[in-house]
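Working notes, beginning with the structure itself.
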Amino acid sequence: MGKSRTKRFKRPQFSPTGDCQADAAAAVNGTGGEDDDGPAVELLEKLQHPSAEVRECACAGLARLVQQRPALPGLARRDAVRRLGPLLLDPSLAVRETAAGALRNLSACGGFEVCDDMVTKDIMTPLVALLKECSAGLDSNEMSPQEKKDQKRNSIENIANEAVNVLWNICECSSRAVSIFNKEGCLEIVLKYLSRFPTSVDLAISVAYCLQTVTEDNPELLKSFSATALHVLESVLLSPVSSMESLLLKTLVAGTIWNLKDIIPCKSQAEIINALLKILAEVLEMDTGETVIQMKEAEMQRLKTAAEAEEILENTNGDDLIEDDEMEGISRKRKVRRKTFVSDLLPATDKELRETMALLTAQQTALEIIVNMCCNEDPSDDEWEELSSSDESDAFMENSFNECGGQLFSPLCLSHEVHTALTNYLIPKKVFEKTAFPNSIAVDICCRNPTWKPLIRKMNTIQCRALLCLQSLVALLDVEHLGGAAALQTLAQHLSQLLFSQPDFAKRADFLEAISSALRALLQTMVSKNISQCMTPDQLMTLCRGGIHSSNVGVRVNVVSILGITGSVLAKEDGTLETLKNIGCFLLEVTTKDPSLVVAGEALDALFDVFADGKEAERASIQIKLLSALKEFQPVFKMKIRKEGKGNYSTDQLCVLDNVKMNLRRFIAYQETVEKRVTS
């Protein structure tokens, strides 16, 4: 009903096993079968054991248990959060780390309800205390033997990493947790962690994820960002790329800085936006398919070299053993020492996989940031007046950014800077390239290797994000910035080929939603600029018949809208009677039979557009008996809005539906005059 709205992306939660939220409500309410309590009872009791090793094992067991859906209600009944919370401050560092890991998994698998319940049970108090202790521990230099100091420091970093992930998950799901984050000065702590990025990239990435979450729509926190805090972010942004993981870190920090756009000094806004889009462009420039192929080859070579080294070592140790048998006691000591030394030097077994996943995640994140940049969520004039007249706001800006002079960019200027930077860094072209299907060779490699198989889903996600990003860019930029009319026609052909090259496209819900959203925005732009489009009527009806049966409301809304856009053009052309009749019958069926009022309203809007004008449209409307069908449906539509509207639809949706209802009355009156004129 009207123009398609851009989908704004929020940061995803960490999830070790996938979607575990089905039992979240039952977990919070304490409902569920008592039969699942067995393992939980035993593990929770061991949390109080005097032995640190037993407590550590119990926490590790709970970290695995919380990933099993049926276990969540039992853990809630047994108050697992209140029992795990104190162990975040356990005297044993190993217990702290495993307790934080258990809470991390619980917060990831439990979802919104469980995370909010964790805040209710005061998990933030020990969590914040742990974060502060880790910060102090990383700063201290009390350990004199270097080896021992490094070992403890690494352990503290691991604990901090787990704790930051718990904080991220909870803040993603609970506004109360974000409020506590603001009040307890957590920003200063996590920024200190972030500043360690040259040597602690894993911890820095966790912090960057968390910062992206807490800085979104959080004006209270923005007041806490001093020039020093911004400098920490800037140092990450300007650091050289040493690995795929460092590239991911820079991308995440770019997303955080975009969230801070309202407090960036006015004279620095253009520079900052250009810096952000330069990084995003560099990320999207990389070929993920080739990276998968190269990284898999590197992994195979590394493992081959390691196996050969191990074989040489064993042969060498065998020879030594024969010699040392004659010398009796020395041999075994030498053999064990050499094996341990070589094994310690072997790199992590998933090094290449981690690097590849980091690149894929960076590209997905970059596309999501671009979508958010394109979203039109500017404050109203009243809000800007309130902001500019606020003494407190002026004082804050003056104190925090002396170079700014107290003046911010207007939304219009900010929008102009984004448009310019998007064009300068060829973002539309790079996004277009990412809409293609994943490299078939890379997909085949991942299929044949179980540990790499999850990358296939990630590559498909990048394609879907690119399609949604394309939708945003098409809706935002001028035709000239998109390459002109010829480029849009090429793009339409490309999207059609993508769609119809997949016989089972209707079964791929994410892909169908993304590509139908992109097509809808593209066709709207092409119609508004009188650019001819390339989809044939048969292709159009194939798309609509496949999409209308989707369980995804967004897909059904998109295909109905696409039909309305295309039909409105065909209505003004000669020789389109049969196609218009097919379109009209299809839209009438959707209007009267779709269970969603939103889809029905969109179908009515499409009917209004298709049959609003044109001789062929008038003839088609008479032949399909459009007037009598709409008259019969009008009271049904009114009743459904009255009975189903409240509680099932948002206020905005109800306002739109009310407008459709009013337009339906007017359109029926118009059709009555058409029928009289044509039949007389």
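- Side-chain contact between F432 and L473: absent, with no pair of heavy atoms (C-beta onward) separated by less than 4.5 Å.
- The minimum heavy-atom distance linking C115 with N169 is given by the pair SG-O, 3.8 Å.
- In this structure, K572 places its NZ atom where more than 12 heavy-atom neighbours from other residues, nucleotides or ligands lie under 6.0 Å away.
- In this structure the side chain of C446 reaches within 4.5 angstrom of the side chain of V292, judged on heavy atoms.
- No more than 12 heavy atoms of other residues, nucleotides or ligands shown are found within 6.0 angstrom of CD on E632.
- With respect to E618 and K615, no salt bridge is recorded, no charged nitrogen being found less than 4.0 Å from a carboxylate O.
- Using the six-membered ring where Trp is involved, F667 and F608 have ring planes that are tilted, between 30° and 60° apart.
- Residue K625 qualifies as open at atom NZ: its count of foreign heavy atoms under 6.0 Å is 12 or below.
- Side-chain atoms of S268 do not come within 3.5 Å of backbone N or O of I264 as any donor-acceptor pair.
- Across all non-hydrogen atoms, the minimal contact from L657 to I641 is O-CD1, 3.9 Å.
- Taken to the nearest 0.5 Å, the CG atom of L222 stands 8.5 Å off from the CG atom of N259.
- Within 6.0 Å of atom NZ in K278, 12 or fewer heavy atoms from other residues, nucleotides or ligands are found, so the atom counts as exposed in its surroundings.
- Side-chain contact between Q471 and R520 is absent, with no heavy-atom pair separated by less than 4.5 Å.
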**OP:** With side chain to side chain contact (heavy atoms under 4.5 Å, CB included) as the test, would you mind laying out the steps for L499 and Q539 before giving the verdict?
**Re:** CA-CA 10 Å; L499 182 63; Q539 287 179 324; over 6 Å; no
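- With a 4.5 Å cut-off on side-chain heavy atoms, V178 and L221 do not count as touching.
- Using a 4.5 Å cut-off on side-chain heavy atoms (C-beta onward), V610 and L570 make no contact.
- Heavy atoms only, all atoms of each residue included: K581 and A620 are closest at CG-CB, 3.9 Å.
- The two residues A436 and L498 make their nearest non-hydrogen contact at CA-CD2, 4.3 Å.
- Within the 4.5 Å cutoff, side-chain heavy atoms of K631 are placed close to those of I668.
- No side-chain heavy atom of Q269 sits less than 4.5 Å from a side-chain heavy atom of E417.
- Using a 3.5 Å distance cut-off with no hydrogens or angles, the side chains of Q463 and K434 do not pair a donor with an acceptor.
- The side-chain heavy atoms of F112 and S174, taken from C-beta on, include no pair separated by under 4.5 Å.
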